[in-house]
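See structure below.
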Amino acid sequence: MKKDELLAPGHRTCAGCGPAIAIRMLLRATGPNTVICNATGCIEVTTTQYPTTSWKIPWIHVLFENAASVASGIREALDMQGKSDVNVIALGGDGGMMDIGFRAISGLWERGHNVLVITYDNESYANTGVQRSGGTPWHASTSTTPSGSASKGKDQWKKDMPAIAAAHHIPYVATASIAQPFDLDKKVKKALSIKGPKYIHIHCPCTIGWRFDESKTIEIAKLALDTKMCALYEIENHKKTLTYKPKGTPVKEYLKAQARFRHLTDEDIEEYQKRIDEVWARDFE
Amino acid sequence: MTKTVMEGSLATAKAAALCEPDMVVAYPITPQTHIVENLGKLIAQGKLKSKHIEVDSEFSALSACVGGSAAGSRVFTATASQGLALMNEVLFAASGMRLPIVMVVANRALSAPINIWNDWQDSISARDSGWIQLYCETVQEIVDTIIQAYKIAEDKNILLPVMVCMDGFFLTHVVEVLDMPKSVSKYLKKYKPPYAILDPKKPQTQGPFAFPKPYAELRKDLSDAMDASAATIKKCHDDYAKLFNRTYGNGLIEEYRTKNKKTIIITMGSLAGNVKEVVDKRDDTGLLRIKCFRPFPKKDIMNALKGKETVIILEKNISLGTSCGALFDEIRSIHCNIEDTPKILDYIVGIGGMDCRTDDIENIINQSKTKKDGHIEWLMEK
Ligand SMILES: Cc1ncc(C[n+]2csc(CCOP(=O)(O)OP(=O)(O)O)c2C)c(N)n1
């Protein structure tokens, strides 16, 4: 892994920010010959306070829901200028990519632009105060789905964005986690070596939103993998391949480690485990 | 130059093609469709070497234009009505990022109820978005204005996006005899972005986050550039006239038979054609056509209205909650500076494609003596 940092220090992400770690890992994999098109969200807001910037590579932000469309324009412009060697990446949080910006991404995939789309998934609209998103997991308490005597947090299961990406029959889809930096590095490099649209979904714990101590970011990310809350895999040629074998740690350990699940009773957790096992069996067995 | 006969949309497409945009990005909506279909055809036939991106929405169309322009390419798009409304958020980003995008708006009414015919509600509603807005009377003017629009937009001291507005159906679907320039290379050079680029050799951050003070400073810069663009629009118009021998007033406004006339009709777009026909037969009334609605040419209008007694505004939009159209309030805001303040009347006409015929205009002029200053009226079909 290259040591050059393309994200300069001094930005304003929270201590222990999972997305910030993901971006550093991402940039080490992409190298400097890359344009990033960033949706509105934590990473955008914390790294580009005018007139300063943390980005040592070309970077652009336009709006919350159009990163993929802007990236489409950049890609075609660069190709017209004979700069097809430059990587173009559309980057955003789970809100910007899975919810409000989804149409733009689907359009990009369908049109087949040579762009890598990346969601850094911190499982909420963190920038605006941790509201529920399509990426928020079942029963997580957020500021718009608070737990209470009449609520167990978010009612719905997490949206399966990588599966939706795969349904566009694009050449490369992968999930990654900041707990597996070498795997992440490999996947980004592989994606960039393939011409056409591709998608990488990076799981990134958020200390403020998930409510755990800022020293535990990587630990939580690891727990997500081992409890099967987050699966690491690649989808190529319609074939899904697991790239990390989870230990099968009870989901209870993951849930108990974060205050966003604090309200869950033992029965709730049992139910949770059941659903996790069902989903895993459906997707990977 | 030899005259040709052409549908407005085809002429629009050909004019855009003459400017050799690197990218054409659009989403179909009536009455804009023929424009993008024709551009698609020119690209498919290899006559235009542009990348055609058929996006998922107008929102994405303008977003991709922003990306392309920020990466240093010349881009073209066209839309109308709901499409322009859907772009609204991107409009502000494009001007704020100072990207010289040119967009044709085939003016059409806004829902609800849904209606495909012409009025100006779509682009008038985008008047505060930081786009230069030029309204054209004829297809010939559309052709000439698109070419000028790139020159204006790409001026190093301006760098603003431009909307070229053409009345839906009245201009998009009309067949007109016109001059189509063979080449514009003497007038319009290849676009070289003076600042914005996305080049790994020269990394740059575009579209950052700004706290109040720098934000306000950048917005003030934007406002100043908008004001400064009036002189650039005039100059680009004059330079074009030298090469192609066609003028449209001074590029901002056109005064038509206004000399020694006590009554002035103010309007924009193709409706000016009807007004000219009426004015040609009268010795009491002249026409002031506003071509440039943004920046609003206050001084030019003020001078044009000096010594006039009655001003009749014909406008195809309504600023809901003010009872009047946008032009009325804007003209009134400057008329306190005019000596011998004229009487100003506002007629809301042509809403959702309703007719505003020459006899309607005659009637309005004839009745104007009996109307008081500030009179507002909707012209309804019988
Ligand atoms: C059209 C629009 N709606 C809402 C917002 C407010 N907003 C800004 S960032 C954001 C949340 C971003 O969430 P996500 O994409 O998950 O990224 P994160 O903040 O978690 O990094 C919201 C709702 C906006 N900027 N634009």
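Hydrogens, waters and symmetry mates play no part in the numbers below; they use all other heavy atoms, side chains included. Each chain gets a letter, A, B and so on, in the order the sequences are listed, and its residues count up from 1.
- Residue B:Val25 does not touch chain A at all, counting heavy-atom pairs closer than 4.5 Å.
- Contact annotation for A:Gln81: only side-chain heavy atoms (C-beta onward) come within less than 4.5 Å of a heavy atom of chain B.
- Looking at B:Ala93, the atoms closer than 4.5 Å to chain A (heavy atoms on both sides) all sit in the side chain, from C-beta outward.
- Within the 4.5 angstrom heavy-atom criterion, atoms from both the backbone and the side chain of A:Glu65 approach chain B.
- Screening B:Ser60, B:Ser57, B:Ser63 against A:Ser69 for a side chain to side chain donor-acceptor pair (under 3.5 Å) leaves a single residue, B:Ser60.
- Note: A:Arg103 leads A:Arg103, A:Glu44, A:Lys56 in heavy-atom pairs under 4.5 Å with chain B.
- Heavy atoms of A:Thr34 lying under 4.5 Å from chain B belong exclusively to its backbone.
- Within a 6.0 Å sphere centred on NZ of B:Lys41, other residues, nucleotides and ligands contribute 12 heavy atoms or fewer.
- By the neighbour-count criterion of 12 heavy atoms within 6.0 Å, atom CG of B:Leu86 is densely surrounded, having more than that number from other residues, nucleotides or ligands.
- Neither the backbone nor the side chain of B:Ile197 comes within contact range of chain A, judged by heavy atoms closer than 4.5 Å.
- Residue with the most contacts toward chain A among B:Met23, B:Glu54, B:Glu89: B:Glu89 (heavy-atom pairs, distance under 4.5 Å).
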Does the side chain to side chain contact (heavy atoms under 4.5 Å, CB included) test come out yes or no for B:Asp56 and A:Arg111, once each step is laid out? CA-CA 9 Å; B:Asp56 45 273; A:Arg111 292 189 301 273; 3.0 Å; yes

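- Residue-environment remark: CD (B:Glu20) stays at or below the threshold of 12 foreign heavy atoms within 6.0 Å.
- Rounded to the nearest 0.5 angstrom, B:Phe209 CZ and A:Thr53 OG1 are separated by 13.5 Å.
- Heavy atoms of other residues, nucleotides or ligands lying less than 6.0 angstrom from CG of A:Asp85 number more than 12.
- When every heavy atom of A:Ile74 is checked against every heavy atom of B:Gly67, the shortest pair comes out as CG1-O, 3.4 Å.
- Annotation: maximal heavy-atom pairing with chain B below 4.5 Å, among A:Lys83, A:His61, A:Glu110, occurs at A:His61.
- Note: A:Ala77 leads A:Ala71, A:Cys37, A:Ala77 in heavy-atom pairs under 4.5 Å with chain B.
- For the set A:Val88, A:Ile57, A:Leu63, A:Ile36, the count of heavy-atom pairs under 4.5 angstrom toward chain B peaks at A:Leu63.
- The environment of B:Lys14 atom NZ is sparse: at most 12 non-hydrogen atoms of other residues, nucleotides or ligands sit within 6.0 angstrom.
- The part of B:Ile53 that comes within reach of chain A is its side chain, from C-beta onward, which places non-hydrogen atoms under 4.5 angstrom from that chain.
- Using a 4.5 Å cut-off between heavy atoms, B:Val75 makes no contact with chain A at all.
- In terms of heavy-atom pairs under 4.5 angstrom with chain B, the leader among A:Val70, A:Thr40, A:Val35 is A:Val70.
- Within a 6.0 Å sphere centred on NZ of A:Lys159, heavy atoms belonging to other residues, nucleotides or ligands number more than 12.
- Within the model, atoms OH of A:Tyr50 and NZ of B:Lys213 stand 10.5 Å from one another, a figure rounded to the nearest 0.5 Å.
- Ranking B:Ala70, B:Ser73, B:Ser69, B:Ala210 against chain A, the residue ahead of the rest is B:Ser73, based on heavy-atom pairs under 4.5 Å.
- B:Lys49 touches chain A through its backbone: at least one of N, CA, C or O sits under 4.5 Å from a heavy atom, while the side chain does not.
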